Amino acid sequence: MYFDSWSGFLAMEGHGLYVWSAYAIALAVIAYNLIAPLMAKRRVIVQVRRQVRLVQRKVIVNEVTTGSGDDTENRTERQEEGLESVKRSAQ
Amino acid sequence: MNWTFFHKLGSPKWFYDISGKWLPWLQVLSLVLILVALVWGLAFTPPDYLQGNSYRIIFIHVPASFLAQSVYVMMATAAAVTLIWKIKLADMALKVMAPIGASFCILSLVTGAIWGQPTWGTWWVWDARLTAMLILLFLYIGIIALRGAIHTTEAAAKACSILSLVGVVNIPIIKFSVDWWNTLHQGATLKLTEKPSMAAEMLWPLLLAILGFYLFFTLVMVLRLRIEIISRERKTRWVKELVS
Amino acid sequence: MAIGGKMSNVDQPSMRGFSACLALIRRDLTLTFRSPGQAINPMVFFLMVATLFPLGIAPDREVLSELAAGVIWIGALLAVLLSLDSLFKSDQDDGALDQLLMSPHPLPLLVLAKVFSHWLTSGFCLTLMAPLLAIMLHLPSEAFYPLMITLLLGTPVLSLAGAIGSALTVRVQRGGVLLTLLALPLYIPVLIFATGAVSAAMQNMPYTGHILWLAVFLILGICLAPLAIAGALRVINE
């Protein structure tokens, strides 16, 4: 350790403001580079999920309109699910 | 020669799988290296006999400048690969590298300005190296803007590849002409550190910091590449399975 | 096809390419003469920029003669940029660009012809106007010849380098600002050497080196830029 005390370390013999602000900006750039991908990742995953859901819904709607498959109860359930995903994707 | 590895390298899914294994190592190694180097540089090295403590900015300024310059060359390499072999992954790399390089270019310029104030008594001089770095930032911004302006992925990929190749041909010309201009206009200018034979105790943390910054760049690039892969391969089955 | 029609009497392929280029230049020049506004506006802009500087800085003779070369060069540079926006865009709009891309002749050669006709209607006219501005801004007489030579050698480089940006942004809506962003970094070496030559002449120093470097840039530009422009046009329109 070169400096004797914490205050000496912070003051840097008068250059503290320059050194510390430079390091703070470096930290900000590093943080930006880490955070930006994380945010983008969440956004992309939400997009892809929504797209998958939309495709599924289309399949369901087809099933419903052609009447293939199951009893009425199940069908209304699925329709509600489809409506919900419409709402979600509209948000 | 066996070329399968080359084709594998171009496969987004393969890269996604293998880079998942690299990620923890990269995360730990880069952040620890940067932390060690910066703490070492801040607290455990003696001050410069001329500049006092303000020289400690070197431990971020120099790695950032190195990165900013070499990332552009890497982008040009990726651009050449995109144009010649039409490897999708290379274009994705070209796309994700641009904002990272630009951010380090800004970091280099800002820390340079902050360093300049106590050392030269001014925030900015039209020194050849500073000016060249500023122009490099313009080149980065141009590529990012072009990517944003063209909406089809394919066309944007090729346009950006051509632009970064044009840029990389121009960088030496710009550097040379800015050097010429500077020596012509101001004879006794304040030269940026005339590469002093650094003392080993200052050199080691600097080398560590450079290594750490490069690893950090790799980490961010891999992170962004993985997202780009998910985004572009969203129609494939493996991405759908991965997401849901 | 408009370009191919005229050359049935020429047999060698290289000669055909050459006459296609001539036809292309003639076509572009005819279009410019029919609606001269596109070519005149940048020149008026050039004049106006040169008028703004004395108003904005100082009308003193000494100050102006110091700044004159820089002002004229920056004005010319911006005027060329202005005119570049429509270089490929108007061809894109009326479909002539697709014809160009489908032509059997080497695209870089045709592109070079287009850039040449662009230079004739922009850079060359600006060079012809420069003496007027030199008088307005009190450019010292010893700096006049270097200014004209640098403009003659430098403005074609501006057209060549700018055409790369113009080709890359041909499909972009309102790509004017983007074009500026792409082209200006490429213009910096030209600006440095051109104004360097003029200020060297004003200090009675040799300026041949600067001029030769500008010539090098021009040769480099003629060799490399058409390839980049042609590549850009091809990939953007694929």
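Reminder, nothing fancy here: chain letters follow the sequence lines and each chain counts from 1. Since we're looking at a predicted model, the values are computed, not measured.
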Q: To the nearest 0.5 Å, how far apart are CG in C:Leu24 and CG in C:Asp91?
A: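 Answer for the CG-CG pair, C:Leu24 versus C:Asp91, is 8.0 Å.
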
Q: Looking at B:Val73, is its backbone amide N or carbonyl O close enough to the side chain of B:Thr77 to form a donor-acceptor pair, meaning the two atoms are under 3.5 Å apart?
A: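 Yes; judged by distance alone, with no hydrogens or angles, the pair exists.
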
Q: Where does the angle between the aromatic ring planes of B:Trp124 and B:Trp126 fall among parallel (under 30°), tilted (30 to 60°) and perpendicular (over 60°)?
A: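 Plane angle over 60°, so perpendicular.
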
Q: Using a 4.5 angstrom heavy-atom cutoff, name the option from B:Ile150, B:Leu139, B:Leu163 with the most pairs to chain C.
A: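 Heavy-atom pair counts peak at B:Leu163.
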
Q: Please classify the contact between B:Ile162 and chain C as side chain, backbone, both or neither, with a heavy-atom cut-off of under 4.5 Å.
A: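 Answer is side chain: those atoms of B:Ile162 sit under 4.5 Å from chain C.
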
Q: May I have the step-by-step check of salt bridge (charged side-chain N to carboxylate O under 4.0 Å, His left out) for B:Lys95 and B:Glu228, ending in yes or no?
A: CA-CA 9 Å; B:Lys95 180 180 177 184; B:Glu228 190 67 21; 3.2 Å; yes

Q: Checking B:Ser103 now: which residues fulfil side chain to side chain contact (heavy atoms under 4.5 Å, CB included) with it, not counting sequence neighbours?
A: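 Only A:Val29, A:Tyr32, A:Asn33 meet the side chain to side chain contact (heavy atoms under 4.5 Å, CB included) criterion with B:Ser103.
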
Q: For the candidates B:Ala155, B:Ala157, B:Ala159, which exhibits the highest count of non-hydrogen atom pairs separated by less than 4.5 Å from chain C?
A: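 When all of B:Ala155, B:Ala157, B:Ala159 are compared, B:Ala159 has the most.
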
Q: Going by ring-ring contact (aromatic ring centres under 6.0 Å, His included), name the pairs with one or both residues in residues 130-151 of chain B, residues two or more places apart or in two chains.
A: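 Residue pairs passing ring-ring contact (aromatic ring centres under 6.0 Å, His included), neighbours aside: B:Tyr72-B:Tyr140.
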
Q: Quick one: which residues of residues 147-164 of chain C reach chain B at under 4.5 angstrom, heavy atoms only?
A: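 Under the 4.5 Å heavy-atom cut-off, C:Ile164 qualify.
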
Q: Which label fits C:Trp213 and C:Phe217: parallel for a plane angle under 30°, tilted from 30 to 60°, or perpendicular past 60°?
A: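 Ring orientation, 0 to 90° scale: tilted.
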
Q: So if I apply the side-chain hydrogen bond (donor to acceptor under 3.5 Å, both in side chains) rule between B:Asp91 and each of B:Lys158, B:Arg232, B:Lys86, which one comes out positive?
A: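 Only one of B:Lys158, B:Arg232, B:Lys86 forms a side-chain hydrogen bond (donor to acceptor under 3.5 Å, both in side chains) with B:Asp91, namely B:Arg232.
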
Q: Given a strict heavy-atom distance threshold of 4.5 Å, which part of C:Leu178 is in contact with chain B: side chain, backbone, both, or neither?
A: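 For C:Leu178, the contact with chain B is made by the side chain alone.
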
Q: Any side-chain donor-acceptor pair under 3.5 Å between C:Gln38 and C:Ser83?
A: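 Result is no, nothing qualifies.
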
Q: State, without any angle test, whether C:His138 and C:Ser65 hold a side-chain donor-acceptor pair at a distance under 3.5 Å.
A: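 No pair is found: no donor N or O on one side chain lies under 3.5 Å from an acceptor on the other.
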
Q: Pull out the residues in residues 184-193 of chain C that come under 4.5 Å of chain B, heavy atom to heavy atom, sorted by number.
A: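 Residues C:Pro185, C:Leu186, C:Ile188, C:Pro189, C:Ile192, C:Phe193 are the ones that qualify, each having a heavy atom under 4.5 Å from chain B.
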
Q: For B:Tyr214 and B:Ser70, which I'm curious about, is there any donor-acceptor pair between the side chains at under 3.5 Å?
A: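 A donor-acceptor contact under 3.5 Å links the two side chains.
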
